Amino acid sequence: MAEQKIQAPKGVSEYVPPRSAAFEFVRESLIEPARKAGYQLIELPVFEDTELFTRGVGESTDVVSKEMYTFQDRGNRSITLRPEGTAGVMRAVIEHGLDRGQLPAKLWYSGQFFRAERPQAGRYRQFYQVGIEAIGLDDAAIDAEVIAIADAGFKSIGLTKYRLEITSLGDAQSRAAHRVDLVKFISSMSLDEATSARAALNPLRLFDDKRAEIKEAMAKAPLLADYLNESSRAHFEQVKKYLDVLGISYILNPRMVRGLDYYTGTTFEFVHELLGAQSGIGGGGRYDGLMAELGGQALSGIGFGLGVDRALLAAEAEGVINENSFASDLFIIPLGEAAKEMAMRIAGELRAAGKSVEIAFGDRALKGAMKGADKSGARYVIVLGDSEISSTTVELKEMKTGATSSVKIASLIKAI
RNA sequence: GUGGACGUAGCUCAGCUGGUAGAGCACCCGGUUGUGGUCCGGGAUGUCGCGGGUUCGAGCCCCGUCGUUCACCCCA
C-alpha cells in the first residue's frame, strides 16, 4: 500500500524542467548588468535575528507585523526567515566592515525570500529576488545607475511591456512636514474602520487604495512631492536628469507607496502591464537612516529588489522566452558497449572544450534514441557504432535541416 | 487575514437527471536488419486531492480538510 504523498508546502514557487531553464535564464539576465557594473556577490543566510527586520524594515509594516516566518530555535533565539534582502545586506556590511573601505560598497545578491501571505498569481510564500545595494554615497548619479541596472536586466530578458515609476519620498524633515498636513486632510474624510486603521499606521497607504471613492477623495490630498525641501528636491532633479541622459523613460508617480519603512528620497517601481493584481516586477529606493538604525555609521544607500518569479511570468506573458536556446550542441547515440565507452570519452573531451553534449543511455533502439535526440532539441546528432569506431569517422547530422556530413571524430570539436 | 471558483491518467480536460471511468497530447513497442520530427498499428497508466456522511449504489449530493486559482489586503 502506497504511503500518503507529501506535497510541497502551500504557496511555494518551484521550478522543474523544462520551465526551470527559463527561470535560470531570467535570473541570470537580471544579475548580469549588476556584475558588469562592478557589483560583487554577497551570499547571506536565509534566516536572521528577528530584531533585524523589526528594527530595519519597521514594525508597523505589513511585512513585519503579519507576514514573517518567525520561530524559536533550539537556543530560544527568535529567528525569522528573511522577508526581503536589504536589511540583511546592511547587517552584513556593518558586521564585516564593508563600509570601511572604498565607497560606495556595491553588492548584489540572489536567493529565496519568505512571506506568509495568502498565495496568488505572482505572489508566493517562498519567492526569488535578485537585488543590489550601493552603500555609502549620496550621489544622484548612483540612483540613476541603480535604476538603469534594473532596467537593463528587464530589457535583456526581452521585456518591453513595463513601465518605470519614480518619485521622491524626501528626507525625514520633508516627510514630517508632509505628514502633518496629510493626517489633517485624512481626518476630514469619513473612513471605515479598517481603512482608518491603515491610515493611522501609514497615512501614505491611502494613496494606493483601489476603491474609486477613496481615489477621488485622495485626488486633492497634499502630495509629498510638494513638501520636498531644497536638498531633496535638488537631488531628485539630478536623478531625473541622469535618467534622461541614459535614455531611460519613466513616469512620475507622486502617489507611489512602498511597503518598507526605510525608504527615503528616490524611490522607484517597475510595473508590468500583462500581469494581474501582482504587477510589480521590481522596486527599490534610497534609505538614509537604515544603517544607523542597525547600529552602523550614518551612511545612505540605495538598492533594488527584482522579482524573478514575476519577471518570468512577465516574460511568458510577452512570449519572449525561446525554449530552444537551452538545448545541447551535440547528442551522441552509441550502439554497443565499445561505442558507449567511446561516447563517454568524446563527450568528456567536448564538454571540457566548452560544448554541451548529451549521450543516449540505456541501450535504446536507434529509433528511440533518435527520438530522444529530437526531443532534447540538440543541434547535432551522431551515431557511434562499430563501423564508425574502425573508420574513426562519423556522420554528423544537423537535426533542423537533416543534412549530414562525414567528420573525423578527432575533428568534431571544430565541426559543431 | 477576507471573499469567489476549482481539484478526474505525466499534461490539458470530458464524464448526461447519482449506477462501479474516457479523449487528446505525452510515454513505451512495432511497421524487417543503423538515423528523428509526418503517417499507421499496438501497449502501459488512475485508491476520480484526502477524510467522513447520505444512498441498494457517489467522480457526480452534503460536511470537513488539504491544495490550486482569482480578487481584496499587501508586495517581488
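None of these values were measured; they are calculated from a predicted model. Every chain is numbered from 1, with letters handed out A, B, ... down the list of sequences.
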Any strand is fair game: report the nucleotide pairing with [N] by Watson-Crick or G-U wobble, both distances under 3.5 Å, or none.
| N | result |
| --- | --- |
| B/U38 | none |
| B/C60 | none |
| B/G10 | B/C25 |
| B/C74 | none |

For [N] versus [M], give the span between their [atom1] atoms, rounded off to a whole number of Å.
| N | M | atom1 | result |
| --- | --- | --- | --- |
| B/G10 | B/U65 | P | 28 Å |
| B/C70 | B/C13 | P | 13 Å |
| B/G4 | B/A14 | C1' | 24 Å |
| B/U45 | B/U54 | C1' | 33 Å |
| B/G30 | B/A5 | C1' | 45 Å |
| B/G59 | B/G46 | C1' | 12 Å |
| B/A58 | B/C50 | P | 15 Å |
| B/U17 | B/A23 | C1' | 24 Å |

Could you check whether [X] gets within reach of a base, just the sugar-phosphate, or nothing at all, counting any heavy atom under 4.0 Å?
| X | result |
| --- | --- |
| A/Tyr124 | base |
| A/Glu84 | nothing |
| A/Asp386 | base |
| A/Glu117 | base |
| A/Ala121 | sugar-phosphate |
| A/Arg364 | sugar-phosphate |
| A/Gly276 | sugar-phosphate |
| A/Ser387 | base |
| A/Gly372 | nothing |

Quiz item: With respect to A/Tyr69, which candidate in A/Arg115, A/Arg82, A/Arg125 satisfies the side chain to side chain contact (heavy atoms under 4.5 Å, CB included) definition?
Solution: A/Arg125

Exercise. Please say which of A/Thr167, A/Val257, A/Ile166 ends up in a side chain to side chain contact (heavy atoms under 4.5 Å, CB included) with A/Thr267.
Key: A/Thr167

Exercise. Anything under 30° is parallel, anything over 60° is perpendicular, the rest tilted; go ahead and classify A/Tyr162 against A/His272.
Key: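 Geometry flag for A/His272 against A/Tyr162: parallel rings.
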
Exercise. Check the angle between the aromatic planes of A/Tyr262 and A/Tyr287 and answer parallel, tilted or perpendicular using the 30° and 60° thresholds.
Key: perpendicular

Taking atom types as they are modelled, is there a donor-acceptor pair under 3.5 Å from the base of [N] to the side chain of [X]?
| X | N | value |
| --- | --- | --- |
| A/Lys367 | B/G31 | yes |
| A/Asp374 | B/G37 | no |
| A/Glu388 | B/G34 | yes |
| A/Lys375 | B/G36 | no |
| A/Arg123 | B/A76 | no |
| A/Gln112 | B/A76 | no |
| A/Arg118 | B/C73 | no |

So, does [X] get its side chain near the phosphate of [N], meaning an N or O under 4.0 Å from OP1 or OP2?
| X | N | value |
| --- | --- | --- |
| A/Arg198 | B/C74 | yes |
| A/Arg310 | B/C75 | no |
| A/Lys10 | B/G67 | yes |
| A/Gln120 | B/U69 | no |
| A/Arg258 | B/A76 | yes |
| A/Lys371 | B/A26 | no |

Practice problem: Would you check if there is a donor-acceptor pair between the side chains of A/Ser300 and A/Asp288 at a distance under 3.5 Å? | Solution: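 A pair is found: one side chain offers a donor N or O, the other an acceptor, under 3.5 Å apart.
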
Rounded to whole Å, please give me the gap between [atom1] in [X] and [atom2] in [N].
| X | N | atom1 | atom2 | result |
| --- | --- | --- | --- | --- |
| A/Glu14 | B/G67 | CD | C1' | 13 Å |
| A/Met399 | B/U38 | CE | P | 12 Å |
| A/Ile281 | B/A76 | CD1 | P | 12 Å |
| A/Phe154 | B/A76 | CZ | P | 11 Å |
| A/Asp62 | B/A76 | CG | P | 12 Å |
| A/Lys66 | B/C74 | NZ | C1' | 7 Å |

Quiz item: Closer to the 5' end of RNA chain B via nearest nucleotide, is it A/Met370 or A/Ala365?
Solution: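 The answer here is A/Ala365.
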
Quiz item: Centroid-to-centroid, A/Phe268 to A/Tyr250, below 6.0 Å?
Solution: no

Practice problem: For residues A/Gln129 and A/Gly305, report the shortest heavy-atom separation together with the two atoms involved. | Solution: NE2-CA, 3.2 Å

Quiz item: Less than 4.0 Å between a side-chain N and a carboxylate O, is that true for A/Lys397 and A/Glu395?
Solution: no

Exercise. Look at A/Asp49 together with A/Arg91 and state whether they make a salt bridge at an N to O cut-off of under 4.0 Å.
Key: no

Quiz item: Is the ring of A/Tyr128 stacked on the base of B/A76, with centres less than 5.5 Å apart and planes under 30° off?
Solution: no

